[in-house]
> 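Could you have a look at this structure, given as structure tokens, before my questions?
All ligand and atom numbering here is 1-based and tracks the order in the structure. Numbers here simply count residues along the sequence, with the first being 1.
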Amino acid sequence: FAVASSHMASSSSSSSCSVVTPSTPLVSFLEQLQETALQTFGDSNFDPKTYVDLPLKFTLSETHQAFQNLPRLSSNGTVSAEVLKGFINRYFKGAGDDLVCWQPHDFVAEPEGFLTKVKHPEVRAWALKVHSLWRNLSRKVSHEVEKNPQLHTLLPLPNPVVIPGSRFREVYYWDSYWVIRGLLVSKMHKTATAIVMNLVSLIEKYGFVLNGARQYYTNRSQPPLLSSMIYEIYRITGDIELVKRCLPALLKEHAFWNSDIHRVTIVDAQGHSHNLNRYQAMWNKPRPESSTMDKKSASKFLNISEKQHFYRDIASAAESGWDFSTRWMRVPPDYSTLATTSVIPVDLNAYLLGMEINIAFFAKAIGDETTVKHFMELSDARKKAINSVFWSPSKKQWLDYWLNSGTCEVAHVWEDKHQNKNVFASNFVPLWMEPFYSDGSLVGNVVHALKTSGLIRAAGIATSLTDSGQQWDFPNGWAPLQHMLAEGLVKSGSKEARLLAEEIAIKWIRSNYVSYKKTGVMHEKLDVEKCGEYGGGGEYAPQTGFGWSNGVVLAFLEEFGWPQDRSIDC
Ligand SMILES: OC[C@H]1O[C@H](O[C@H]2O[C@H](CO)[C@@H](O)[C@H](O)[C@H]2O)[C@H](O)[C@@H](O)[C@@H]1O
């Protein structure tokens, strides 16, 4: 699995967009099982991920042999439901059985100084309930995985984990940022630090933070927010040892994101070259966790290289965290026009700007002046690139940029017509970064653009304005998007911006509260058109639990409080 470093060593741009991480025999076999399960059980309530998460009870070769020997129905060559259920029970443990529940040592039912600005008794009781959910979502990878890794797609990690919830039984990269923001409100600094050290261990092993801690996620990352997690913990704890331990890993992660796989050069209207980055998974096959679906979606492509290109764009959308969205479609809402690797995304480049600023900050804290200078130069260059390539002077927001030709090309010449003029919440993510929120005149313009964008709805910020049926589109609202935009507005220091942030937070808290009261659970995403309703669409059933939603509710309540006389109902 030393995939990343060997792939990153590739220097030719044409090979960088054909890189493929090797799969494992276990994952390939479980994909076969998934295919058979779909044929046998049918697609109602079918979740393909369940099958690639099953831990084996016996060796792969014994299991495979038994699978081959299953009696097939003479009518269609498949396996009967009874036989397949019996085989699964005999040869596999349950999905998620290789994680054991864990009680975090730093959890206390009501931490000292917890949400002092929340005065409303019902809201406070609910906030304490949300805080207590960290116990439900805490797990430890079982020793079995360490002992017999060949029987598990789950990857071993050194520390306990906090999972998003439901079908997401393992750690996820960018979810962890908002989990940590919530844990910090819950005063669970040790648990937050342990999560960071798990992610660092992935960089040490693979060269980057994986999408999630599973064998089938080793072909891609997710939005790179590790440096921001470390920054938030350091801001509260002042733990300089953490910074020292993590800085080498951050430098490695920065190199991963700036290798040929992700880097693109744009020559702007004045002839200046800018290096920016895109998502690109190291994969050109169906995603194992959704293999049956991806094969079906790709069936319209007859040519193998078109299929491979499409699969890479699907996996790259998963790397973006926005799986799936019209943002990545050349002809929305036609899913078959997905072209993620042809987009230079605003948010990814904002995160990388944040990473460069954070690395310079950490290097300063430990007295490494050479790294400070280098990363300040990199962040200055990226700020210029963001302004030059993404900024729209007429729309007063940053727009994703479409590459018009082969994505393997090194340099592309900027043209106005290639900016994606559609409105997405991601168009406002740069405001979350210091160089932009501290620019007073820019903030006024961006606040006006956000207010009039159509994104601000009755129950929060919509992901986009297009109702495509995909989950990262209208009318879904996602906790991370509410938080990044609101926090950017708050940090700007503008009174008008703070009022808008508070309006967003109030709507979001109310909707989370009411949906929780109705269903008894916290939801992965909400419908921003209807206060108190959870979201839908996409390729899997709406999930509950839910790590980042809990984190954002706690972070919003800490920032804005909740007065006794403000109603919490929709
Ligand atoms: O199984 C389908 C996809 O599921 C994940 O994506 C969604 O859940 C993640 C966990 O909350 C979240 O980080 C992501 O933004 C969601 O879209 C997974 O990350 C994908 O790789 C996977 O294909």
> Does E558 form a salt bridge (charged side-chain N to carboxylate O under 4.0 Å, His left out) with R181? I'd like the steps, not just the answer.
CA-CA 10 Å; E558 172 142 291; R181 291 299 302 261; over 6 Å; no
> Would you mind checking which non-hydrogen protein atom is closest to atom 1 (O) of ligand 1, with the distance to 0.1 Å?
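Going atom by atom, the protein heavy atom closest to atom 1 (O) of ligand 1 ends up being R167 NH1, 2.9 Å.
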> Counting heavy atoms only, name the option from V52, V171, D175, I314 that's nearest to atom 12 (C) of ligand 1.
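The option holding the nearest heavy atom is D175.
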> Looking only at protein heavy atoms, which one is nearest to atom 7 (C) of ligand 1, and how far off is it?
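Ranking protein heavy atoms by distance from atom 7 (C) of ligand 1, first comes Y540 OH, 3.3 Å.
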> What's the shortest distance from atom 6 (O) of ligand 1 to any protein heavy atom, and which residue and atom give it?
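Going atom by atom, the protein heavy atom closest to atom 6 (O) of ligand 1 ends up being D323 OD2, 3.2 Å.
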> Before we go on, tell me: are the rings of Y516 and H523 under 6.0 Å apart, centre to centre?
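Distance test on ring centres: not under 6.0 Å, no.
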> Would you check whether Y173 reaches within less than 4.0 Å of ligand 1, judged by its heavy atoms?
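Per 4.0 Å heavy-atom rule, Y173 does not contact ligand 1.
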> Examine ligand 1 and decide if any of its atoms is less than 4.0 Å from a heavy atom belonging to F324.
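The answer is no: ligand 1 sits nowhere under 4.0 Å from a heavy atom of F324.
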> Any idea which protein heavy atom is nearest atom 22 (C) of ligand 1, and the distance to it?
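Heavy-atom neighbour on the protein nearest atom 22 (C) of ligand 1: E289 OE2, 3.3 Å.
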> Ligand 1 and N211, any nitrogen or oxygen pair closer than 3.5 angstrom?
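Such a contact does occur with ligand 1.
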> Does the residue Q543 have a heavy-atom contact with ligand 1, meaning some pair of atoms that are separated by less than 4.0 Å?
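The answer is no: ligand 1 sits nowhere under 4.0 Å from a heavy atom of Q543.
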> Please identify which atoms of ligand 1 are closer than 4.0 Å to at least one heavy atom of F546.
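Atoms satisfying the 4.0 Å criterion: 11 (O).
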> A side-chain contact here means heavy atoms from C-beta on lying under 4.5 Å apart; do E559 and V490 qualify?
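Yes. Closest side-chain heavy atoms under 4.5 Å.
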> Apply salt bridge (charged side-chain N to carboxylate O under 4.0 Å, His left out) to R169 and D53, showing your working.
CA-CA 9 Å; R169 316 170 170 93; D53 290 358; 2.5 Å; yes
> Using a plain distance cutoff, I'd like to know if W548 has any nitrogen or oxygen under 3.5 Å from a nitrogen or oxygen of ligand 1.
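No, no N or O pair falls under 3.5 Å.
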> What is the closest protein heavy atom to atom 15 (O) of ligand 1, and at what distance does it sit?
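For atom 15 (O) of ligand 1, the nearest protein heavy atom comes out as G321 O, 2.6 Å.
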> Which residue owns the protein heavy atom closest to atom 4 (O) of ligand 1, what's the atom, and how far is it?
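Looking at atom 4 (O) of ligand 1, the protein heavy atom closest to it is F168 CE2, 3.3 Å.
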> If the cut-off is 4.0 Å to any non-hydrogen atom of Q222, which atoms of ligand 1 fall inside it?
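Atoms satisfying the 4.0 Å criterion: 12 (C), 13 (O), 14 (C), 19 (O).
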> Which protein non-hydrogen atom lies closest to atom 2 (C) of ligand 1, naming both residue and atom, and how far is it?
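Answer for atom 2 (C) of ligand 1: E539 OE2, 3.0 Å.
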> Going by the side chain to side chain donor-acceptor pair (under 3.5 Å) test, name the single residue among T466, T463, T326 that passes it with D473.
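One option only clears the test, and that one is T326.
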> Can you tell me if W478 contacts ligand 1 (heavy atom of the residue under 4.0 Å from the ligand)?
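For ligand 1, residue contact (heavy atoms, under 4.0 Å) with W478 is absent.
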> Can you confirm, on distance only, whether ligand 1 has an N/O atom lying under 3.5 Å from any N/O atom belonging to Y217?
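No: no nitrogen or oxygen of Y217 is under 3.5 Å from one in ligand 1.
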> Output the list of atoms in ligand 1 that are nearer than 4.0 Å to some heavy atom of R220, sorted by atom number.
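Under 4.0 Å from R220, ligand 1 has these atoms: 21 (O), 23 (O).
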> May I ask you to say whether E204 pairs ionically with K252, meaning some side-chain N is under 4.0 Å from a carboxylate O?
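Here E204 does not pair with K252 in a salt bridge, since their nearest N and O are not under 4.0 Å apart.
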> How are the rings of W257 and H262 set to each other: parallel, tilted or perpendicular (split at 30° and 60°)?
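Tilted: the ring planes of W257 and H262 meet at 30° to 60°.
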> Have a look at E539 and tell me which of R167, K49, R287 forms a salt bridge (Lys or Arg N to Asp or Glu O under 4.0 Å) with it.
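Answer after filtering R167, K49, R287: R287.
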> Provide the closest heavy-atom pair for W102 versus R139 in the form atom of the first, atom of the second, distance.
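Where W102 meets R139 most closely, the heavy atoms are CB-C, 3.7 Å.
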> Measure the distances from the heavy atoms of Q471 to every atom of ligand 1 and state whether one is below 4.0 angstrom.
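The answer is yes, since Q471 has a heavy atom less than 4.0 Å from ligand 1.
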> Under 4.0 Å, counting heavy atoms only: does W322 come that close to any atom of ligand 1?
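No, that is not the case, since the closest heavy atom of the residue is not under 4.0 Å from the ligand.
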> Might you point out which heavy atoms bring E319 and A281 nearest each other, and give the distance in Å?
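What the structure gives for the nearest pair is OE1-N, 3.9 Å.
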> Could you check whether Y173 and Y217 have their ring centres less than 6.0 Å apart?
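Not close enough - the centres of the two rings lie 6.0 Å or further apart.
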> Could you point out which residue of E170, E289, H152 forms a side chain to side chain donor-acceptor pair (under 3.5 Å) with R214?
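Checked E170, E289, H152 against R214; only one passes side chain to side chain donor-acceptor pair (under 3.5 Å): E170.
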